[in-house]
Amino acid sequence: MITPLIHRVLTREDLARLVAEIGRLDQGEARAAEEAVQAGEVDAVLDSPAALDAVRGRGGAPAAVPLTLLWYVPVRAALRARGVALADYAATLPVVFATWRAVRTVARGQTGLDVWSRYVASLPDGTVAQAEGAADVAALALWWAGCFPERVTRRAAGRGMLRAYVTFAAQALALSARIFSTHGPGAPLWTRAADQADALRAALAEARRDYLGRDVHSSESRLDRFLGRLN
């Protein structure tokens, strides 16, 4: 099941690389960030404007930090700006689905609302397996709608399909929350995610545009990225 993992996988080396990137822009901010890391105040560093500027890079080139931080810091910033406190979950989605192998673990790699709905319905009703399956297809729907919205709109009925993906994700997350409410911890996370599905998709889309442009597949976007890296 796709669950929040970014905080658990960050290492001292990852944070040191982030501090180094901050130092490329502002040595004073880097010293403050290093002191905060040593004091265990990691969230304060991740939430800082200096970290956001450093991760977004200079001249259009992303910073030399792990993929987890490349996504986590801007997604977290976008969510905080919207008053949403699910950055760890949202940033997990592009990290987990960065490889097609991960995508293939959900409904055998097939995409589409009908396929995902049948997958959840095929699992035993009211079981932990169904709750986990619903959470995973919800994550996959948010990932597609947030990170690759142009693929969703091109393959289906325009922007209305983006709304359908987000609605599906919210319903699947709500199902997970209902099941987990009777099978131990976890329900509060999925309830919040269901309530904030729109904000989660928007934050993923905003973070994606920082690195790939509004339309990742267009020749104009490719040229913009190339020229940006020359600045």
Is it true that a side-chain atom of Asp195 and a backbone atom of Arg192 form a donor plus acceptor pair closer than 3.5 Å?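 It does not hold such a pair.
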Are the side chain of Gln27 and the backbone N or O of Gly23 linked by a donor-acceptor pair below 3.5 Å?
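Between the backbone of Gly23 and the side chain of Gln27 there is a qualifying donor-acceptor contact (under 3.5 Å).
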Report, one line per pair, each donor and acceptor closer than 3.5 Å where one atom sits in a side chain of residues 177-189; sequence neighbours left out.
residue: Ser181; atom: OG; partner: Arg178; partner atom: O; Å: 2.5
residue: Thr182; atom: OG1; partner: Ile179; partner atom: O; Å: 2.9
residue: His183; atom: ND1; partner: Ile179; partner atom: O; Å: 2.9

Is there a side-chain contact between [X] and [Y] in this structure, where contact means two heavy atoms from C-beta onward sitting under 4.5 Å apart?
X      : Y      : answer
Val166 : Leu200 : no
Tyr119 : Val115 : no
Glu132 : Leu123 : no
Gln130 : Val120 : yes
Leu15  : Val42  : yes
Phe168 : Ser117 : yes

Looking at every non-hydrogen atom in both residues, tell me the closest pair between [X] and [Y] and how far apart they are.
X      : Y      : result
Pro149 : Gly146 : CD-O, 3.6 Å
Leu204 : Leu142 : CD1-O, 3.8 Å
Ala78  : Ala203 : CB-CB, 3.9 Å
Ile22  : Ala33  : CD1-CB, 4.0 Å
Ala90  : Leu79  : CB-CD1, 3.7 Å
Ala164 : Leu113 : CB-CD1, 3.8 Å

Separation between [atom1] of [X] and [atom2] of [Y], rounded to the nearest 0.5 Å:
X      : Y      : atom1 : atom2 : result
Tyr89  : Trp190 : OH    : CH2   : 5.0 Å
Thr153 : Arg151 : OG1   : CZ    : 10.5 Å
Arg76  : Leu69  : CZ    : CG    : 11.0 Å
Met161 : Thr167 : CE    : OG1   : 10.5 Å

**Request:** Count the heavy atoms of every other residue, nucleotide or ligand shown that sit under 6.0 Å from CD of Gln38, and state whether that count exceeds 12.
**Result:**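 Yes, the 6.0 Å shell around CD holds more than 12 heavy atoms from other groups.
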Steps toward side chain to side chain contact (heavy atoms under 4.5 Å, CB included) verdict (Leu162, Tyr165)
CA-CA 5 Å; Leu162 283 179; Tyr165 268 54; 5.6 Å; no
For Gln196, the side chain to side chain donor-acceptor pair (under 3.5 Å) test, sequence neighbours excluded, returns none
Where do Leu93 and Val75 land on the side chain to side chain contact (heavy atoms under 4.5 Å, CB included) test, with the steps shown first? CA-CA 11 Å; Leu93 305 188; Val75 167; over 6 Å; no
Any Lys/Arg nitrogen of Arg163 or Asp198 sitting under 4.0 Å from an Asp/Glu carboxylate oxygen of the other? yes
- Is any NZ, NE, NH1 or NH2 atom of the basic residue among Glu34 and Arg31 found under 4.0 Å from an Asp or Glu carboxylate oxygen of the other?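 Looking at Arg31 together with Glu34, the answer is no, because their closest N to O distance does not fall below 4.0 Å.
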Hits for side-chain contact (heavy atoms from CB on, under 4.5 Å) against Ala138, two or more places apart or cross-chain, chain-then-number order -> Ala169, Ala172, Leu173
Would Thr92 and Tyr72 count as a side chain to side chain contact (heavy atoms under 4.5 Å, CB included) here? Give the steps. CA-CA 8 Å; Thr92 293; Tyr72 184 79; over 6 Å; no
message = One pair to check against side chain to side chain contact (heavy atoms under 4.5 Å, CB included): Glu21 and Val55. What are the steps and the verdict?
response = CA-CA 7 Å; Glu21 289 297 323; Val55 167; over 6 Å; no
